[in-house]
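To start, the structure under review is shown below, and the notes come after it.
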Amino acid sequence: MADLEILSRESLARPALEIAPFLLGKVFVVGERAGRIVEVEAYAGRHDPGSHAYRGMTPRTEVMFGSAGHLYVYFTYGMHFCANVVGGEVGEAQAVLLRALAPMQGLPEMRAARPKAKRDIDLCNGPAKLCQALGIDRAFNGADVVGGDQRLFLADDGFVLRDPPMVSTRIGLSAGADLPWRFYIETDPHVSRR
DNA sequence: CGTTTGATGCTCT
DNA sequence: GAGCATCAAACGG
């Protein structure tokens, strides 16, 4: 595999709408498992009706209001975890939801973690699926992904997108559903939905 | 195919 | 008590 350069914290200390497309094509490493980010959604903080931060800081959203480069992991529907990368400056609650990855390493571990996935293409093609595949749960909330930990990080491996990101509305929202803040690699088969 | 529904528990009102 | 940034199985055509 090509060299992996961990992303800088300052590269993430920008609005979610900027770092969402920036994160496409980057590599997310969790232990021996890794995948390339192919689909994300931007959540733009206090004034975004679709964001958990819309009604201000709560115990759950505290991490999102913190500094860039940490994971905001939340539990939903009584059984699923989803992971965001926190961006922006402290207090801005900028976040980017990781919605789909193209598996790169640790496929056997991912398959074991997702026994219900019939095909490899289904391992990480959804926000809760990728958390299951990578073993991400509430223990990862607040974890630093650009702090130099060799077992958990976001990196650039030199991959270049062949085309500009595809843009659409975000998925599964009841508020803010009209905003075109979802970004994905159109040609990648691991995207959750067309 | 596409659409509907059940699972399951946390978070905030 | 209502709703949830979801998933997989069941159902209908």
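Naming convention: chains lettered A, B, ... in sequence-line order (proteins, then strands); numbering from 1 in each chain.
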May I ask you to establish whether A/Arg138 and A/Phe75 are in a cation-pi arrangement, using a distance under 6.0 Å from NZ or CZ to the six-membered ring centre and at most 45° from the ring axis? yes
Applying the 5.5 Å / 30° rule, does A/Tyr77 stack onto the base of C/dC4? yes
Can A/Val27 be reached from A/Val40 by stepping across I, L, V, M, F, W or Y side chains whose heavy atoms are under 4.5 Å apart? yes
Could you check which of C/dA5, B/dC12, B/dC10 has an atom nearest any side-chain atom of A/Phe75? B/dC10
Ignoring backbone atoms, establish whether A/Arg114 has a side-chain N or O less than 4.0 Å from OP1 or OP2 of C/dC7. no
Which dot-bracket string describes DNA chain B (Watson-Crick N1-N3 plus N6-O4 or O6-N4, or G-U N1-O2 and O6-N3, all under 3.5 Å; [ ] crossing; | other strand)? |||||||.||||.
Tell me the interatomic distance from A/Met79, atom CE, to C/dG3, atom P, rounded to whole angstroms. 18 Å
Hey, what's the ring geometry for A/His52 with A/Tyr72, parallel, tilted or perpendicular (30° and 60° as the breaks)? perpendicular
Pick the nucleotide of DNA chain C nearest each of A/Ala175 and A/Lys116; which residue has the one closer to the 5' end? A/Ala175
Length of the line joining A/His80:NE2 and C/dG3:C1', which is rounded to integer Å: 15 Å
Rounding to a whole Å, what distance do you find between A/Arg193:CZ and B/dG2:P? 12 Å
What is the separation between atom CD on A/Glu39 and atom P on C/dT6, rounded to the nearest whole Å? 10 Å
Counting only side-chain nitrogens and oxygens, does A/Ser174 get under 4.0 Å of the OP1 or OP2 atom of C/dG3? no
Take the protein atom CD1 of A/Ile136 and the nucleotide atom C1' of C/dT6, then report the distance between them rounded to whole Å. 16 Å
Calculate the interatomic distance between A/His52 atom NE2 and B/dC12 atom C1'; express it in whole Å. 12 Å
Below 4.0 angstrom from OP1 or OP2 of C/dT6, is there any side-chain N or O of A/Arg99? yes
Selected nucleotide, minimal atom distance to A/Tyr43 side chain, candidates C/dA5, B/dT11, B/dC10: C/dA5
For A/Asp157 and A/Arg36, what are the C-alpha separation, side-chain angles and deciding distance, and is it a salt bridge (Lys or Arg N to Asp or Glu O under 4.0 Å)? CA-CA 10 Å; A/Asp157 71 342; A/Arg36 189 179 307 287; 3.0 Å; yes
Sugar-phosphate, base or nothing in reach of A/Arg182, heavy atoms under 4.0 Å: nothing
